[in-house]
Amino acid sequence: MVKITLPDNSVREFEGPLSVCDIAADISPRLAKDALAGRINGKLVDVTTTIDKDTPIEIITFKSDPETALDLMRHSCAHVMAEAICRLYPAAKLVYGPTVENGFYYDIDLDEPISSDDFEKIEAEMANIVKDNQPFTRIDMPRAEAMKKLQAEGNRYKTENAQRASGDTLSFYMTGTNGSAFEDLCLGPHIPATGKIGAFKIMSVAGAYFHGDAKEKMLQRVYATAFADKKELNQYLTQLEEAKKRDHRVLGKQLELFAIDETVGQGLILWKPNGSVVRQELQDFISIELRKQGYSQVFTPHIGRLGLYKTSGHFPYYQDSQYPPLIDSDQMGLLAEEGCSCAELAGRMQEGEIDGYLLKPMNCPHHIKIFASERYSYRDLPIRLAEFGTVYRWEQSGELSGMTRVRGFTQDDAHLFCTEDQLADELKGCLELVQTVFETLGMNDFTVRVSLSDPESDKYVGDPENWKKAEQACREGAASLGVPFTEEIGEAAFYGPKIDFVVKDVLGREWQLGTIQVDYNLPERFDLTYIGADNTPHRPVMLHRAPFGSMERFVGVLIEHFAGAFPLWLAPEQVRVMPISEKMNEYGESVLKRLQAAGLRCTLDDADDKISAKIKRAHVMRLPYMLIVGQKEQEENTVTVRVRGSKEQRTMQASEFVTAAAAKYNVRELNLEI
RNA sequence: GCCAGCGUGGCUCAGUGGUAGAGCUCCCGCCUUGUAAGCGGGUGGUCGUCGGUUCGAAUCCGACCGCUGGCUCCA
């Protein structure tokens, strides 16, 4: 019998065995979970239990309430995995084993490396534990007693975990019965017994620092997942396989979009002709929007003198994430004669004794200097300077990933210089631009993050009052979007807070794309002014914004978003003309010429192949339109159109198709109906 | 950068110490084609690099380079 006292002091009794659903019939599933965990609304509730020793208190079947129960089952499975690993590797010290999206992991301190070859035997041991159907039992212990016990066991990680936990009581969960029992410090709750665990699979093992601190010891993190049954597990695994096929690195090769060559360098993207079409179309699209919003296009060099970055604050403080400075060859020769060491050189550059150039890690200083090159009145503001600016950053090798994390990338950057009064309107304009981008591309699945400074950290520069104003502007801007947003402490840029737009890739990893940043700092550092109505100099406020973020990352994410099947306006090749036989090549050529004249990107597949082979090839390349031309079409001056994603086709006048396709190209539509 | 795994023709991969393989691509020829790969032939690889062990290394060991998954980081 489980007796639960609810916050309103009413008492509910339940006969075991019962499930979340049983409880949820009376109260909510969430409440049921919390009740079983001994907590409701943060307050302890009275969970009285057990008619006899064999009836565990927490009886939940995962099938009743999929979301909550699956999570519970996975967490219980984490305990089972931990137990299995401890049996197989007695030296293993358990650290922490939470559930995550799609599964769970357990961090383990063990010198002997666990490899994927070991998964099978761990799974076999887990299967034994599941088969034994061992009950989970909660043991509540007064804090002092629990700490004593943990210290005696000598696992520093568990002791530290316990120290972090709040409350007078600490709970342990025991799997199995005394004698063969496995025990772990845990908040709970758990499923009643291991037998309720469905299908599970160990997915991978990776290194992870204790407490996420790079100075701490690296632990082994074993990732696994569990589902109600084998069928659901297999479904998930299949889904994962499918997702991998949409990976932009896979499609990048298949669709000939981009390449990375180690002799060129890690994290440096070579845009192939097909990828370049996508990029160019996106740039054109943004450029048109910028003209509408009153931006001015500028161009600036890829390097700048060290002094520029000393003023901005990037040198020497962000040296680790930049390529080392360039030095001119005359100076290099002199230094060589002097026998100057690298360490000396670095020091002398910092001191300003030796000049050098930095590959620009961002475009702001250059744009600031364009603003500073003229004397502006308040009447001239806002000034909006836009550039597709290529920047270089020295990302750690292990962080590089396809197009989404690279060392050289082009931001669709702009800097807006305005008065404080204009800030809210300018911010709104930037937000609208980002929304236009997402809407045009049908990307509805993004999250908004307001990135704030961390008062504890010293990496943020500038006046706290200005930070307050800037952060408030970001909050209000984000709120005006009408979509939920989160506030993240410590995610701000060193010069100001941001509104970031974040999307997930096919493997569930989050990437920041668009960003809008409010900056009171750099105008200060560069002593920027405009002349106010009172005929005295005033400090402008700066906005940094990039609706795509970077062309590389954005296109990488976009490839996955469309699974390579770009809408017509972005498709590298839009139409392919496919004659049935060699005899129709001439007619095909004439159709091709008309498509080309209409400005469409098209080719003729005049290979000596059957039409089915030509269709297969075009299909693999995700061609929006295939135009099949044979005897019949030639005679009637028509084309048979096969639209991507459909096996149906329709025959129409060639001129009709050309006009319709060209019109569609111009409006940047997502659908291919014609 | 850290932990683990991986690295074989342009691509996808097989090959566990004994003469480097397959399919696709590509080239040549045949077929002249009506809706997701027609047939035959051919080119192409000092098995990431360097070193070691061995009579003998794609295969075992080490270092380095690169990639993948995580961690850390991301102005």
Side-chain angles (χ1 to χ4, degrees), chain A residues 100 105 107 110-111 113-118 203-223 244 247 249-250 253-254 256 259-263 265-267 309 312-315 317-322 360-365 391 393-402 404-407 409 451 459-461 491-496 498 500 507 509 511-512 515 517 519 521-522 544 549-550 553 578-585 607-620 626 628-633 640 642 647-649 651:
Chain A
V100 289
Y105 66 78
D107 279 350
L110 174 66
D111 292 333
I114 295 175
S115 89
S116 51
D117 297 337
D118 303 318
M203 303 299 288
S204 62
V205 59
Y209 300 109
F210 183 49
H211 288 160
D213 181 351
K215 290 182 201 79
E216 271 284 3
K217 179 163 186 181
M218 184 153 269
L219 310 164
Q220 299 195 63
R221 176 169 294 179
V222 184
Y223 282 91
K244 281 182 185 160
D247 189 313
R249 292 164 298 190
V250 174
K253 263 185 200 151
Q254 195 181 326
E256 299 166 16
I260 299 170
D261 187 299
E262 64 175 280
T263 54
Q266 287 180 278
Y309 300 104
S312 73
H314 289 95
F315 189 86
Y317 303 109
Y318 289 93
Q319 243 183 122
D320 288 349
S321 43
Q322 289 159 187
K360 61 179 178 188
M362 80 297 306
N363 302 298
C364 0
V391 300
R393 300 179 187 179
W394 187 261
E395 307 292 357
Q396 295 186 74
S397 59
E399 292 157 352
L400 299 170
S401 177
T404 46
R405 189 79 186 267
V406 292
R407 285 188 174 157
F409 54 97
S451 300
K459 78 173 205 187
Y460 304 101
V461 297
E491 289 288 316
F494 77 98
Y495 50 73
K498 315 187 282 175
D500 292 326
L507 298 178
R509 293 177 291 206
W511 298 103
Q512 179 202 308
T515 180
Q517 312 174 357
D519 180 9
N521 263 303
L522 291 180
H544 311 236
S550 83
R553 179 174 291 180
M578 310 192 305
I580 293 286
S581 86
E582 235 171 20
K583 292 171 191 156
M584 256 55 75
N585 281 352
D608 289 348
D609 273 317
K610 286 169 63 172
I611 194 68
S612 53
K614 296 184 184 188
I615 289 172
K616 173 73 180 179
R617 272 200 294 274
H619 175 79
V620 167
M626 306 180 203
I628 293 158
V629 295
Q631 184 79 36
K632 191 178 60 171
E633 285 80 1
T640 294
R642 193 172 159 135
K647 282 186 182 170
E648 285 173 34
Q649 54 204 355
T651 303

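Protein chains get the first letters and strands the later ones, always in sequence-line order, with residue 1 at the start of each. The figures here come from the full heavy-atom set of this structure, side chains too, leaving out hydrogens, waters and symmetry mates.
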*asked:* Would A:R405 and A:E395 count as a salt bridge (charged side-chain N to carboxylate O under 4.0 Å, His left out) here? Give the steps.
replied: CA-CA 8 Å; A:R405 189 79 186 267; A:E395 307 292 357; 2.9 Å; yes
*Which listed nucleotide (B:rG66, B:rU32, B:rG38) is nearest to the side chain of A:E262?*
B:rG66
_Could you identify the nucleotide paired to B:rG7, looking across every strand shown and requiring Watson-Crick or G-U wobble geometry with both distances under 3.5 Å?_
B:rC65
*Annotated protein contacts, base or backbone, on nucleotides 68-75 of chain B with a non-hydrogen cut-off under 4.0 Å, one of B, S, - each*: SBBBBBBB
*Base partner of B:rC60, which must satisfy Watson-Crick or wobble distances under 3.5 Å*: B:rG52
_Using a 3.5 Å distance criterion without hydrogens, assess whether the side chain of A:R642 forms a donor-acceptor pair with backbone atoms of A:Q649._
no
*asked:* From CD1 of A:I580 over to C1' of B:rU33, roughly how many Å is that when rounded to an integer?
replied: 8 Å
_Check: A:E633/A:T640 side-chain N/O donor and acceptor closer than 3.5 Å_ = yes
*Side chains of A:Q396 and A:E399: donor-acceptor distance under 3.5 Å anywhere?*
yes
*Mind checking whether A:R393 and A:F409 have side chains closer than 4.5 Å, heavy atoms only?*
yes
*Have a look at A:K632 and say if it touches a base, only the backbone sugar-phosphate, or nothing, with a 4.0 Å heavy-atom cut-off.*
base
*Using purine N1 to pyrimidine N3 plus N6-O4 or O6-N4 for Watson-Crick, or N1-O2 and O6-N3 for G-U wobble, each under 3.5 Å, what pairs with B:rG38?*
B:rC30
*Describe, in one word, how the ring planes of A:H314 and A:Y309 are oriented to each other, choosing from parallel (under 30°), tilted (30 to 60°) and perpendicular (over 60°).*
perpendicular
*Roughly how far apart, to the nearest Å, are B:rC61 and B:rA75 at atom C1'?*
44 Å
_Strictly under 4.0 angstrom, non-hydrogen atoms only: write out the protein contact profile of nucleotides 39-46 of chain B, one letter per nucleotide from the 5' end, B, S or -._
--------
*Using a heavy-atom cut-off of under 4.0 Å over every strand shown, decide if A:T640 touches base, sugar-phosphate, or nothing.*
base
_So A:S612, base contact, sugar-phosphate only, or nothing? Heavy-atom distance under 4.0 Å._
sugar-phosphate
*Roughly how far apart, to the nearest Å, are B:rU54 and B:rG1 at atom C1'?*
37 Å
_Spacing of the C1' atoms in B:rG34 and B:rG41 (rounded, Å)_ = 28 Å
*Can you tell me the Watson-Crick or wobble partner of B:rA20, both distances under 3.5 angstrom?*
none
*Which part of the nucleic acid, if any, lies within contact of A:E216, taking any heavy atom under 4.0 Å across all strands shown: a base, the sugar-phosphate backbone alone, or nothing?*
nothing
*Contact class for A:I611 vs. all strands (heavy atom < 4.0 Å): base, sugar-phosphate, or nothing?*
sugar-phosphate
_Main-chain N/O of A:G207 paired with A:R221 side-chain donor or acceptor, under 3.5 Å_ = no
*Quick one: do the A:K498 and A:Q512 side chains pair a donor with an acceptor below 3.5 Å?*
yes
*Considering heavy-atom distances to RNA chain B, does A:Q649 or A:L219 have its closest nucleotide positioned more toward the 5' end?*
A:L219
*asked:* Between B:rC31 and A:D608, counting only base atoms on the nucleotide and side-chain atoms on the residue, is there a donor-acceptor pair under 3.5 Å?
replied: yes
_Does a side-chain N or O of A:K614 approach OP1 or OP2 of B:rU33 to a distance below 4.0 Å, or not?_
no
*When you compare B:rC30 with B:rC65, how far apart are their C1' atoms, in angstrom units rounded to a whole number?*
47 Å
_Check for me whether the distance between the ring centres of A:Y105 and A:Y223 falls short of 6.0 Å._
yes
*RNA chain B: A:Q220 or A:M584, which has the more 5' nearest nucleotide?*
A:Q220
*Is a donor on one side and an acceptor on the other found under 3.5 Å between the side chain of A:R553 and the backbone of A:W511?*
no
